[in-house]
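Only a predicted model underlies this, so the values are computations on that prediction, with no experimental measurement involved.
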Amino acid sequence: MEPFPSDRIQLPRNMIENSMFEEEPDVVDLAKEPCLHPLEPDEVEYEPRSSRLLVRGLGEHEMDDDEEDYESSAKLLGMSFMNRSSGVQNNMSVYRQNPNGSCSVPSTRTMVVCTVVFVIAFSLIVVLYLLPKCTFTKEGCHKKNHTMELIYPLATNGKVFPWAKMRLPPDVIPLHYDLVLQPNLTTLKFSGSVKIVVNILHVTQKIVLHSSGLNITKATITSAQGHQAEPVEFLEYPLHDQIALMAPEALLAGQNYTVNMEYSSNLSDTYYGFYKISYKDENSQQRWFAATQFEPLAARSAFPCFDEPSFKATFLIKIKRDEKLSALSNMPKKATMPVTNGVVQDEFFVSLKMSTYLVAFVVADLKNISRETNGTLVSVHAIPQHVNQVGYALDTAVKLLEFYQKYFLMKYPLEKLDLVAIPDFQSGAMENWGLITFRETTLLFDNNTSSAKDKKLVTAVIAHELAHQWFGNLVTMEWWNDLWLNEGFATFMEYFAMEEVFPELHSDEDFLNLIFKAMMKDSLNSSHPVSSAVQSSEQIEEMFDALSYIKGASLLLMLKHYLTKDVFQAGIEVYLHNHNYRTAQSDDLWDSMNEITNGTLDVKKMMKTWIVHKGFPLVTVVRKGKIISVQQEKFLYRVEPENWTSDASYLWHIPLTYITNRCNFTHCTNAYLLDQKSAVIELPEEVEWIKFNVDMNGYYIVHYAEDWKILIDLLKKNHTALSPKDRANLINNIFNLARLGRESLEKAFELIDYLNKENCTAPLTQALFQLSLIYNLLDKKGEQQLAGRVMRRIEHLLGDKIDQQHWTDDGTLSERELRSTLLAFACTHDIRNCRTTATEMFETWMKSNGTISLPSDVMKAIFAVGAKSNDGWEFLLKMYSSSVSEAEKSKMIKALASTEDARKLIWFHLGSYTIQNIISWSTSQFATKAHLLEVKSFFESKSEESSQLRCVKEAIDTIQLNIQWMERNLAKLQELLWYI
């Protein structure tokens, strides 16, 4: 899935609404209810978030990491006991105090009572010590003749629910689904029926699967030999979105059974599940559109299913619809049959074996254009008034599909590929197999109003989703802890494919900036490993972040350069062939690579140091003649020592790369695997300078110690001796080291003094980003005078570059993108004459009633300036309502949202944003202890679950880091910028 594209790492879903309003659990004690359904021994698990299940047992030995949650259960029980007995203790004080302060001797009765209590307590301790060893575990106690009281969760009808884990039991697997759906776009409801053929792996009397918000009216089970469906009791446990079908007799191992259910529900009001969308047609009439978004956990809200990635099955889908509408699903349409007056049923071919989150269907009024390539019909669909904007997407999709098939040496396995632009879609896009859904701004391209950035965005999102057709759809991660196998690979292939197929877009510069931002997140103590253990829905949702996408892709880029492109490509081919139509774990990828390296390099050993550990290394380089000393440590911003997770001894296996003045071209890159704390590299001869992490192809930061001065001088004298990406890399590294306190801010400012000679996008945008961070911190803290000096420093460095920009769409795509960035920045901060020119162009456009064309690359800057006046804001709002160009509307809505008049924003609907980015964006510039206390108090007042979200911890880390930065650098900044 492609995250929402404003930052290319924004995420699409609300992660806390399911956990913030949980009620106290209902429990039942099976020791007191012997008639209830028994559970198998391995079906008992304590769920720490819900406290729905406790295993009561006794134990004496220490517990491992997996048992910590169960230990907390025991502590709760113990605390409960102590609380109950505290009142007794308060009234049983052995010695009583006389009024004069002395203590009287206890009475005989008191002594007897105390003695009895002591004897009982001592006896209990002895008995507990002598009992067979038993621990609070998922399985309970395995010792024979040892009884336990088991507490199980209750279903909604008050009966015991026969399963307690969040993951489904492994004793039943789905083989095939027959799914019939009938959405009604008038009542905004849908009805459905599903037949699931299941195979029984272990004898059981229950089938547990997922269902969320569905009104199930009928449930039956039929055996393979049976001719009559038998009604079954079904139980619901909404906390885990689970239902259990209780068979009247045992379901036998090795046998197939058919589960049949009928149900109904409302089309969702969210962007999740089977949901409805309203939009205005070309006649300004309201129309409805039904679409799906199932990843990661929402297929269960459209039909009962085994909603976990590893439960792959085939699907036969039938959709009943209004005959005036269109229906699409994963597979080509097989037949259309009349049902009743005005209603027809579309039947689609049986799908390939796939996970439930990839199932998709759309019912709407759509138009499309198509083209066939290599036996696959590629079609791009949109609502009728937008079909004239899908041509670029079709051309792009065909080129990328052809590239991927050649690169993977594996044909796209379906006969059709549909790309659908949805009028209101929260994600950037979703990779449903054969039916990819997109936000309109990530698929539609208007030659008159779409900018160079818009073209790059559309290309990137299509490249990402097409890569998923192999990485994610054909081979799927086994569980969400390895989400990076899907998203990291798709992100890596997205940028690699763009470089190969569309080199003129210079997508590598965008990827570089994303890596820098991901490393900012990964440098905080609140970060997490790329592959992290997850169970709850909140934990799964939080995996859709910059680390799964960007860090995962960065590690693959680093591996590709170290192995060489041919070895890496061969490893990918092995991985896809070995695991197609199945699921995989991270180790499966490394094993596939090792098949190619054939013992020359243990890829698994190297890459596990990056995948299972959070953060990244800082490599310090010291040069003395021909001898280069390198040393690694963890790069970490330490904000609260008492909460800091120390792992200073951790070692990465770092594939270092470097160039020198003796040969500074790509083909001269040298490599060295640093798998120890420190090492020495001996050069064949002395060099004037050395630059590590060539083109930022490695995921680490480099500190050059005394050699920073040499590199600063190199940039001043001959900056083109290094590539644009290497120059951007140096800017990023030195500002991060200054933020860490390992290098001076003065030296960082000195390094960027060369920028008035810089013409390339990557270093300019990175410098602008770093200086903007400083400006925003000062501005937010109320240091307006100093913030103004920072802005004047930026103007001094980039003013001439801004003046050189033309208000046109001329030049290469890279030049156009830089123009858009510089002018938008200049107009936002009112430097040079940017606002004067923008105002003139906006007023001319407004006087023409929006009929004249504005240059698309500077449209964002023009709209932002125009929206600052009341008349301009009102006119933009009117044009937004009537525009048919999604690219133009996107720029308009950003300009409308930039107003400083809060009253306009109260009634103006901005659309929904994700929790992660709302929290990040609204707090990232806070730099005072008052702000820190305010943020902490806000989240602590909501719920324990919300305060423990990783994005909240990240926000708090960032604020603390900002405070620390201010304390360290405020006085120094005043000294540095005194003359401006």
Side-chain angles (χ1 to χ4, degrees), residues 1-10 392-393 395-404 406-407 428-429 431 438 441-443 445 450-468 471 487-519 546 549-558 560-561 565 568-569 666 694-699 723-729 732 759-766 768-769 811-821 856-857 887:
M1 180 167 58
E2 180 73 5
F4 181 83
S6 63
D7 191 3
R8 299 308 313 285
I9 54 175
Q10 181 173 358
Y392 178 75
D395 292 340
T396 301
V398 168
K399 291 177 182 177
L400 287 167
L401 189 64
E402 293 170 348
F403 168 77
Y404 284 139
K406 291 177 182 177
Y407 185 78
E431 67 266 19
F438 294 79
T441 50
T442 62
L443 190 66
F445 184 84
S450 295
S451 65
K453 285 186 177 181
D454 295 328
K455 175 175 279 191
K456 188 179 287 190
L457 173 63
V458 170
T459 309
V461 177
I462 294 174
H464 184 99
E465 304 308 329
L466 261 64
H468 268 310
F471 290 99
E487 298 300 349
F489 244 119
T491 304
F492 167 77
M493 291 305 305
E494 161 190 348
Y495 288 100
F496 176 66
M498 288 175 70
E499 282 187 68
E500 295 292 315
V501 183
F502 304 98
E504 71 279 5
L505 294 180
H506 297 282
S507 60
D508 55 332
E509 295 175 353
D510 298 279
F511 190 33
L512 184 68
N513 286 326
L514 288 179
I515 295 172
F516 291 150
K517 291 179 182 179
M519 293 179 85
Y549 284 74
I550 310 303
K551 182 177 180 180
S554 304
L555 299 181
L556 292 171
L557 176 70
M558 181 172 67
K560 170 180 171 283
H561 280 277
K565 62 180 183 180
F568 181 80
Q569 181 179 359
T666 304
V694 179
D695 281 342
M696 185 62 193
N697 288 327
Y699 193 74
S723 71
K725 287 195 284 188
D726 273 333
R727 302 197 295 270
N729 177 225
N732 172 270
N759 292 309
C760 293
T761 303
L764 285 171
T765 54
Q766 180 55 204
L768 196 58
F769 174 77
T812 66
L813 281 172
S814 182
E815 291 169 344
R816 292 171 59 189
E817 191 170 9
L818 179 61
R819 175 187 306 139
S820 179
T821 299
S856 59
D857 293 328

Taking the side chain from N697 and the backbone from M558, do they hold a donor-acceptor pair closer than 3.5 Å?
no
Do M498 and F403 have side chains that get closer than 4.5 Å, going by heavy atoms?
no
The reported gap from OG1 in T765 to CD in E817 (rounded to nearest 0.5 angstrom) is 8.5 Å
Please tell me if the side chains of F769 and N513 come closer than 4.5 Å, counting only heavy atoms from C-beta onward.
no
Anything under 30° is parallel, anything over 60° is perpendicular, the rest tilted; go ahead and classify Y495 against F511.
parallel
Could you tell me whether a side-chain N or O of E494 sits under 3.5 Å from a main-chain N or O of V461, the two making a donor and an acceptor?
no
Test item: side-chain donor near acceptor, T459 and T396, under 3.5 Å
no
Atom pair CZ/CD1 of F438 and I462 - distance to nearest 0.5 Å:
5.5 Å
Distance col, row F516:CZ vs Q766:CD, nearest 0.5 angstrom, shows 5.0 Å
Modelled atom types, side-chain donor and acceptor of D510 and S507, under 3.5 Å
no
Flag side-chain contact, heavy atom, 4.5 Å: L457 against K453:
no
Measuring from atom CZ of F471 to atom CZ of F489, what distance do you get when rounded to the nearest 0.5 angstrom?
4.0 Å
Using a 4.5 Å cut-off on heavy atoms from C-beta on, say whether the side chain of C760 contacts that of L764.
no
So, for L512 and A728, which heavy atoms are closest and what is the spacing to 0.1 Å?
CD2-CB, 3.8 Å
Check: E499 main-chain N/O paired with D508 side-chain donor or acceptor under 3.5 Å
no
Just checking K399: does its NZ atom have more than 12 heavy atoms from other residues, nucleotides or ligands closer to it than 6.0 angstrom?
no
I'd like to know if the side chain of Q569 and the backbone of Y407 have a donor-acceptor N/O pair within less than 3.5 Å.
yes
Quick check against the 3.5 Å criterion: does D454 have a side-chain atom that pairs as donor or acceptor with the backbone of S451?
yes
Please work out which of the three classes, parallel, tilted or perpendicular, describes the rings of F496 and F492, given edges at 30° and 60°.
parallel
Beyond-backbone contact of H506 with T761, side-chain heavy atoms, under 4.5 angstrom:
no
Under 3.5 Å, is there a donor-acceptor pair between the E431 and H464 side chains?
no
Counting N and O atoms only, with roles assigned by atom type, does the side chain of K456 sit under 3.5 Å from a partner on the main chain of L505, one being a donor and the other an acceptor?
yes
For the student: nearest non-hydrogen atoms of P724 and P763, plus distance:
O-CD, 3.6 Å
Point-to-point distance, once rounded to the nearest 0.5 Å, from CG of N732 to NZ of K517:
11.5 Å
Backbone N/O of G552 and side chain of Y699: donor-acceptor pair under 3.5 Å
no
Do D695 and N729 have side chains that get closer than 4.5 Å, going by heavy atoms?
no
As an exercise, state the distance from CG of L400 to CD of E500, rounded to the nearest 0.5 Å.
11.5 Å
Backbone N or O of R816 within a donor-acceptor pair of the S820 side chain at under 3.5 Å?
no
